[in-house]
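Notes follow the structure.
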Amino acid sequence: MAKAPRGTGAALPLAVWAATRTVLLLFVLGPLTFPGPDVTTDVSVIYRGWYEVLRTGTFPLDDVTWQYPPAAALAILSPGLLPWLPYDTAFFVLVCLCDLLVLLMLRAAQRPDARQRAVWAWVAGVPLLGPTVYARYDLMVTAVAVAALLAGARRPRVLGALAAFGALLKVWPVLLLVGVERGRAARRAWGAAAVTAVALTAGFVVAMPGATAFLGFQRDRGTEVESLGALVFHVARHLGWRGEVLLNYGSVEFVGPYVGVVSAVALALSAAAMVWLLVWRLRAREWGPATTADAAFTAVLLFTVTSRVISPQYLVWLVGLAAVCLVRRETRMGRPALLVLAATAVTVLEFPVWFGHVVASDALGIGLLVARNGLLVAAAVVAGRRLWEGPAGAPAGVSPGVRADGRATAR
């Protein structure tokens with residue numbers, strides 16, 4: 001069968017992107033109504049309130065819902081770049097532009113003779129989250145992370161600087177540094193990250209009071225109703241557990257007996273994931289072309305699954321990193337990427353479509369959480385196993401610390 005002209009193949013994802021993003025904008029701007037609660041109030045009410053405070057030169061010191069690192073102020077203030085538009089409209093437009101930027105970066109990075117897996121993962125994955133993905137600033141952070149990983153293969157210092165900037169936007173991009181190849185590349189990336197983080201943090205501390213207030217607010221969070229640990233309480237409510245579901249620290253959380261225990265277990269699992277990643281890094285001797293992105297994707301998966309909070313917008317992080325992995329044909333993350341896309345499709349059903357069922361802990365709500373969180377756990381397990389086995393091309397069963405020819409590698 002003759003292949004379609006390359007221009008035709010390249011134009012189709014752009015056309016699908018334009019169509020799906022037009023629909024997303026219609027949902028967040030109001031002409032179309034999406035099922036479930038209005039997800040845009042985070043922008044029109046919460047973000048707008050923070051914007052008014054941040055404009056005065058200080059962080060929201062008295063607002064416990066401000067749980068973000070200091071550079072998040074830049075995302076909240078960014079609608080000021082379009083002063084002729086209402087705040088929420090400007091925010092949605094800027095998120096859409098970041099969405100387009102990610103698409104163009106993935107398209108430029110994809111080899112001309114390769115299937116456009118990365119582009120299609122992004123084009124299809126983002127709208128699966130529904131309007132929530134445009135009503136949070138997480139897509140902006142994802143754009144920074146995607147740029148960091150795509151630059152990292154040739155410019156480790158750029159990767160480090162962008163990872164540090166991303167971490168000061170929303171913490172998780174620091175995990176991009178986990179998979180940087182040991183040696184000179186790691187020293188350059190981590191050095192640039194350290195310098196960038198210190199310089200930016202110092203600048204915010206000097207310029208704006210309350211730059212570190214988010215640390216205390218984040219520490220006091222409980223177990224959010226959509227997290228993996230929350231399944232314990234969803235079931236326990238049917239067995240006489242005497243807790244409550246409350247809006248707490250800006251999210252819907254379980255409050256009551258044993259919540260602290262489950263939250264502590266979640267933190268312990270996150271610590272265990274960090275130890276596992278450290279052991280993998282110490283053992284690994286072979287770095288393939290896709291290892292840095294594969295490791296970043298695996299690390300973020302592990303910390304998402306073990307988190308006390310799995311908000312719907314977190315899935316856009318995973319979609320973006322999965323797309324970066326798929327840029328390289330050598331990636332071993334094809335199946336985990338598909339599992340993440342499936343989890344994204346379920347996520348829009350549990351929030352916002354049937355979020356009332358989740359809060360009520362009824363059969364539908366619990367079923368949706370079991371399906372979504374089960375897919376994420378499966379993705380994390382498969383990704384972890386494949387990362388541990390080493391780069392593509394190594395014979396099955398060969399340790400990451402052994403060369404493909406069976407001889408031990410030099411340390």
Side-chain angles (χ1 to χ4, degrees), residues 68-72 74 105 109 140-205 211-212 214-215 218 270-304 306-307 317-318 320-322 324-325 327-328 330-333 383-384 387-388 390-391 400-401 409-411:
Y68 307 109
L74 301 179
M105 287 190 293
M140 295 177 172
V141 185
T142 303
V144 174
V146 169
L149 284 177
L150 292 178
R154 297 178 181 273
R155 301 177 182 85
R157 288 194 180 95
V158 174
L159 187 159
L162 288 175
F165 176 58
L168 289 174
L169 283 168
K170 206 163 186 180
V171 181
W172 66 267
V174 72
L175 296 171
L176 305 183
L177 299 170
V178 167
V180 179
E181 186 172 1
R182 291 184 356 203
R184 179 182 295 179
R187 290 193 296 272
R188 288 179 174 177
W190 294 355
V195 170
T196 302
V198 170
L200 287 177
T201 302
F204 278 110
V205 168
T212 60
F214 76 99
L215 294 171
Q218 186 66 242
S270 294
M274 179 59 75
V275 171
W276 183 89
L277 288 166
L278 177 61
V279 173
W280 165 77
R281 185 170 178 81
L282 292 174
R283 285 171 52 91
R285 296 293 180 270
E286 300 288 341
W287 255 261
T291 301
T292 298
D294 286 359
F297 175 61
T298 302
V300 176
L301 251 177
L302 289 171
F303 279 90
T304 299
T306 59
S307 174
W317 312 346
L318 299 174
L321 297 185
V324 175
C325 291
V327 164
R328 307 294 308 202
E330 298 89 351
T331 184
R332 304 199 66 193
M333 297 297 146
L387 182 66
W388 188 267
T409 55
R411 291 184 177 272

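Counting from 1, the numbers follow the sequence of the chain as shown. This one's a predicted model, so the numbers in the text were calculated from it and none came from an experiment.
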Pair up each side-chain donor or acceptor in residues 146-153 with any protein partner under 3.5 Å, not counting sequence neighbours, and list the distances.
none

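Between L175 and L302 the shortest side-chain heavy-atom distance does not fall below 4.5 Å. Looking at V171 and F303, their side chains never come closer than 4.5 Å, going by heavy atoms from C-beta outward.
Nearest heavy-atom pair across C325 and T331 is O-CB, 3.2 Å. In plain terms, the two heavy atoms of G160 and L177 that are nearest each other are CA-CD2, 4.0 Å. For A167 against P69, the heavy-atom pair with the smallest separation is O-CG, 3.5 Å. The shortest non-hydrogen separation linking V180 to A189 is CG1-CB, 4.0 Å. Summarising the geometry of A185 relative to P156, their closest heavy-atom pair is O-CB, 3.5 Å, with the distance given to 0.1 Å. Taking each heavy atom of G179 and R281 in turn, the nearest pair found is C-NH1, 3.9 Å.
Contacts classified as salt bridge (Lys or Arg N to Asp or Glu O under 4.0 Å) and involving residues 154-180 (residues at least two apart or in different chains) are given here: D138-K170. Sequence neighbours left out, not one pair with a member in residues 183-195 passes side chain to side chain donor-acceptor pair (under 3.5 Å). Applying the ring pair (Phe, Tyr, Trp, His ring centres under 6.0 Å) test to pairs two or more places apart or on separate chains, those with a residue in residues 161-185 are W172-W317. Listed by first and then second residue, the salt bridge (Lys or Arg N to Asp or Glu O under 4.0 Å) pairs that reach into residues 189-201 come to none, sequence neighbours excluded.
Expressed to the nearest 0.5 Å, how far CG of L168 lies from OG1 of T201 amounts to 4.5 Å. In this structure, CG on L321 lies 11.5 Å from CE on M333, to the nearest 0.5 angstrom. In this structure, the separation between OG1 on T292 and CD on E181 is 7.0 Å, given to the nearest 0.5 Å. Remark: L318 CG to L301 CG distance equals 5.0 Å, nearest 0.5 Å.
Exactly one residue among V144, V141, L162 makes a side-chain contact (heavy atoms from CB on, under 4.5 Å) with P173. That residue is V141.
V279 is linked by a side-chain contact (heavy atoms from CB on, under 4.5 Å) to V275, R283, W388, counting only residues two or more places apart in sequence or in another chain. Applying the side-chain contact (heavy atoms from CB on, under 4.5 Å) criterion to V195, with sequence neighbours excluded, gives no partner residue. Residues satisfying the side-chain hydrogen bond (donor to acceptor under 3.5 Å, both in side chains) criterion with S270, sequence neighbours excluded, are T306. Residues passing the side-chain hydrogen bond (donor to acceptor under 3.5 Å, both in side chains) test with T291, sequence neighbours excluded: none. Shown here are the ring pair (Phe, Tyr, Trp, His ring centres under 6.0 Å) partners of W287, two or more places apart in sequence or in another chain: W280. Contacts of T196 classified as side-chain contact (heavy atoms from CB on, under 4.5 Å), with partners at least two apart in sequence or in another chain: A161, A164, L200.
Listed for the R182 side chain is a donor-acceptor partner under 3.5 Å among the backbone atoms of A284.
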